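Order of listing sets the numbers, starting from 1, for every ligand and every atom in it. Computed from a prediction, not measured in an experiment: that's the story for all the values here.
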Amino acid sequence: MSATTAELSSVMGLPVHLMDDYPRWLRSRLEQEIGTHVVTLNAEMTMQAETNAALAQIINQADLVIPDGAGIVLYLRLQGKQIQRYPGIELAESLLQSVGQLDKPCSVFFFGGAPGVAAAAATVWQQRIPSLQIVGTQHGYLSPTAAAQLQQTLKQLQPQLIFVGLGVPRQEFWIAEHRLIVPQATWIGVGGSFDIWAGVKTRAPAWLADNHLEWLYRLYQEPWRWRRMLALPKFAAKALVNR
Ligand code: UDP
């Protein structure tokens with residue numbers, strides 16, 4: 001566990017690092033060029049890891065695991081921890097807003113989403129922060145040839161901050177398999193964040209998120225997720241039993 005400044009908690013055998021200021025810790029890693037894999041843990045991912053040992057191993061080996069989902073926060077509160085939720089998209093946004101203030105310029109790469117989405121998200125960020133160095137984007141539906149080409153591109157560009165939005169667990173496997181192509185980079189699996197930044201989807205209103213109901217909004221926006229979301233009541237039942 002490299003998040004030495006963090007308190008390490010456990011959710012069903014998976015690590016969660018609790019610290020006051022995740023972006024500051026990550027900026028320091030970026031400055032020191034220490035390769036970092038960030039996992040943004042939620043209840044769905046936790047339940048997937050219960051039956052997927054390879055995913056569990058990747059989460060256990062990640063350098064930073066943040067409490068992304070309401071379920072994780074409620075689970076840890078049941079264990080007596082005073083913690084706040086930190087959505088992965090907000091961590092990604094905070095980093096984009098602040099990497100320009102680092103002593104060394106920090107280059108960024110967006111990988112994932114439907115064709116055009118990562119590029120649109122990059123345009124939005126570039127307009128918000130003209131000094132941001134987004135050195136490349138790539139959609140997430142690649143042929144084997146295009147996937148090999150992407151590896152070459154990353155090898156050449158050596159971006160320092162790489163967001164991978166392929167959904168869980170695809171993005172976690174992809175990062176674990178490829179992170180040594182750019183060993184000093186910070187890699188974060190950002191799920192559907194490119195869709196939000198590009199305006200293809202919207203985030204739940206704050207009042208729903210504040211009441212731990214972001215999942216309900218996602219179900220309304222993406223009803224086909226219902227099967228995946230059956231993991232949530234299972235997670236809640238386990239959380240109560242484990243308490
Ligand atoms: N996606 C992708 N390639 C794939 C499958 C999915 O790039 O082969 C993208 C998809 O377009 C979407 C994101 O992965 O932008 C998944 O978003 P979701 O919100 O479902 O992520 P999760 O809830 O799994 O974190």
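Protein heavy atom nearest atom 7 (O) of ligand 1, with residue, atom name and distance: Gly113 N, 2.8 Å. In terms of protein heavy atoms, atom 9 (C) of ligand 1 is closest to Gly165 O, 3.4 Å. With respect to atom 1 (N) of ligand 1, the closest heavy atom belonging to the protein is Tyr141 OH, 3.2 Å. Distance from atom 23 (O) of ligand 1 to its nearest protein heavy atom, with residue and atom name: Arg225 NH2, 2.8 Å. Counting protein heavy atoms only, atom 5 (C) of ligand 1 is closest to Arg170 NH1, 2.9 Å. Nearest protein heavy-atom neighbour of atom 12 (C) of ligand 1: Asp195 OD2, 3.3 Å. The nearest heavy-atom contact from the protein to atom 25 (O) of ligand 1 is Gly191 CA, 3.4 Å. In terms of protein heavy-atom proximity, atom 24 (O) of ligand 1 is nearest to Val168 N, 2.9 Å.
In the vicinity of Gly112, heavy-atom distances shorter than 4.0 Å reach the ligand 1 atoms 7 (O). Distances below 4.0 Å separate heavy atoms of Gly192 from the following atoms of ligand 1: 17 (O), 18 (P), 19 (O), 21 (O). Listed by number with element, the atoms of ligand 1 under 4.0 Å from a non-hydrogen atom of Ala114 are 11 (O).
Residues Ala204 and Glu214 share a closest heavy-atom pair of CB-CG, 3.5 Å. When every heavy atom of Pro15 is checked against every heavy atom of Leu8, the shortest pair comes out as CB-CD1, 3.7 Å. The two atoms that bring Leu64 and His17 nearest to each other are CA-ND1, 3.3 Å, heavy atoms only. When all heavy atoms of Thr40 and Met45 are compared, the closest pair comes out as O-CE, 3.3 Å. Shown here for Phe111 and Gly140, the closest heavy-atom pair between the two residues is CE1-CA, 3.9 Å. Heavy-atom minimum distance, Leu132 versus Gln126: O-NE2, 2.5 Å.
By the 4.0 Å heavy-atom criterion, Arg228 is counted among the residues contacting ligand 1. A heavy-atom separation below 4.0 Å is found between Arg218 and ligand 1.
Distances from atom 16 (C) of ligand 1 to the heavy atoms of Pro169, Gly167, Ser193 show the closest one on Gly167.
Although no hydrogens or angles enter the test, the distance criterion places a donor-acceptor pair under 3.5 Å between the side chain of Asn42 and the main chain of Glu44.
Using the six-membered ring where Trp is involved, Tyr220 and Tyr217 have ring planes that are tilted, between 30° and 60° apart.
Judged by the 6.0 Å and 45° rule, Arg128 forms a cation-pi pair with Trp125.
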